[in-house]
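As the structure lists them, so they are numbered: ligands from 1, and atoms in each ligand from 1. When reading the values below, keep in mind they use all heavy atoms of this one structure, side chains included, and skip hydrogens, waters and symmetry mates.
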Amino acid sequence: MKRIGILTSGGDAPGMNAAIRAVTRRALDKGLEVFGINYGYAGLVAGDIFPLTASDVSDRIQRGGTFLYSARYPEFAKEEGQLKGIEQLKKFGIDALVVIGGDGSYHGALRLTEHGYNAVGLPGTIDNDIPYTDFTIGFDTAVSTVIESIDKIRDTATSHERTFVIEVMGRGAGDIALWAGVAGGAEEIVVPERDFDIGEIADRIKRGREKGKKHMLVVLAEGVMHADEFMDKLNKYGDFQARATVLGHVQRGGSPTARDRVLASKMGAYAVDLLEDGKGGVAIGMEDNKLTYHNMLDLFDGKHKPDLDLYDLNKSLSR
Ligand code: ADP
């Protein structure tokens with residue numbers, strides 16, 4: 001193996017740049033050449049590929065987003081698209097790839113591996129919804145961003161004695177809601193992984209009011225329902241002066257936290273080590289603070305498990 005390609009695909013996440021930097025520098029350190037591929041699989045097929053030097057990745061570690069850009073490119077799910085991508089790999093003399101993204105991006109990486117081009121996946125998504133890793137690159141930053149907003153919303157909630165339903169991202173996973181809920185001192189956390197009863201939530205809010213609580217913050221994972229819908233249902237149980245806030249895409253941006261930068265740096269360097277070892281079709285994880293890798297096929301069968309202890313913890317802390 002002489003030449004590694006690197007691309008970011010699917011939704012962007014803070015820390016992707018730190019991962020690209022780590023892959024590039026580790027590979028150069030080992031005497032390999034590195035090529036950046038813009039716009040994920042779309043750029044691969046289009047041949048939007050260029051050499052990366054050590055200085056190309058300088059001043060990137062602290063930046064959010066991905067300087068290689070990202071794109072959705074459904075055509076890559078078809079063999080025709082994959083073969084076009086492989087033509088480009090041949091043309092540029094790239095033997096192996098690092099793919100930073102989520103589940104969909106891993107499918108593309110596995111197809112390339114099956115065609116003889118080893119690809120290693122790094123979990124880059126704010127949602128933390130990938131199996132076999134405790135944390136994904138970008139999650140910690142997203143949670144920090146959510147906390148900043150919750151702290152601000154709390155000020156106005158307290159001043160007006162209002163209930164706020166704050167919808168956070170996470171796709172089908174409740175991780176952002178769980179972490180941000182506990183860290184933000186929310187009264188209620190609502191996630192897809194746990195059943196809930198809006199009538200009971202309304203009762204708890206009423207009891208909290210009676211005890212003199214000035215604000216009520218409900219952190220709602222987007223995978224459950226929209227904040228407006230939740231608020232309408234809640235308001236059927238009484239006048240909660242409820243307001244719905246959807247935090248939206250601010251959660252995807254911003255300078256990565258130290259944790260995300262370190263995670264991305266460790267994983268990026270490890271990806272190069274695995275490729276050098278002849279591995280492909282595997283995805284990297286951080287489990288119990290140790291770097292691990294798993295076959296992508298096992299990953300597709302596996303189920304991500306959020307830390308539901310946080311849910312129970314919050315119940316006892318938010319009384
Ligand atoms: P994520 O990687 O965050 O899950 P997507 O599901 O949008 O995001 O996937 C990112 C890209 O990966 C897609 O736009 C497509 O180019 C590629 N991809 C998704 N599914 C497949 C598949 N089944 N086979 C090959 N490539 C795929």
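At least one heavy atom of Gly11 sits less than 4.0 Å from an atom of ligand 1. Not a single heavy atom of Thr125 sits closer than 4.0 Å to an atom of ligand 1.
To the nearest 0.5 Å, atoms CG (Leu310) and CG (Leu317) are separated by 10.0 Å. For the atom pair Asp277 CG and Leu274 CG, the distance stands at 6.5 Å (nearest 0.5 Å).
Exactly one residue among Asp127, Thr125, Asp103 makes a side chain to side chain donor-acceptor pair (under 3.5 Å) with Arg171. That residue is Asp127. Shown are Ile201, Ile198, Val165; of these, the side chain to side chain contact (heavy atoms under 4.5 Å, CB included) with Lys233 is made only by Ile198. For the side chain to side chain donor-acceptor pair (under 3.5 Å) with His304, the qualifying choice from Asp175, Asn128, Asp129 is Asp175, the only one to do so.
With atom 1 (P) of ligand 1 as the reference point, the heavy atom nearest to it among Ser9, Gly102, Ala77, Gly85 is part of Gly102.
For Gly104, a nitrogen or oxygen atom sits less than 3.5 Å from a nitrogen or oxygen atom of ligand 1, counting backbone and side chain alike. Polar contact with ligand 1: present for Ser105 (N/O pair, distance under 3.5 Å). Residue-to-ligand polar distances place Tyr73 within reach of ligand 1: an N/O pair is separated by less than 3.5 Å. Considering both main-chain and side-chain atoms, Asp103 comes within under 3.5 Å of ligand 1 through a nitrogen or oxygen pair.
With ligand atoms numbered from 1 in the order given, ligand 1 contributes 16 (O), 25 (C), 26 (N) to contacts under 4.0 Å with heavy atoms of Phe76.
Using bins of under 30°, 30° to 60° and over 60° for the plane-to-plane angle, the ring pair Phe76/Tyr73 lands in the tilted bin.
When hydrogens are left out, the protein atom nearest atom 7 (O) of ligand 1 is Arg72 NH1, 2.7 Å; that is the closest non-hydrogen contact. Atom 23 (N) of ligand 1 has as its closest protein heavy atom His107 CB, 3.5 Å.
Side chains of Arg261 and Ser255: a donor on one and an acceptor on the other come within 3.5 Å.
Judged by the 6.0 Å distance and 45° axis criteria, Arg243 is not positioned over the aromatic ring of Phe164.
Residue Tyr41 touches ligand 1 through its side chain alone, judged by heavy-atom distances below 4.0 Å.
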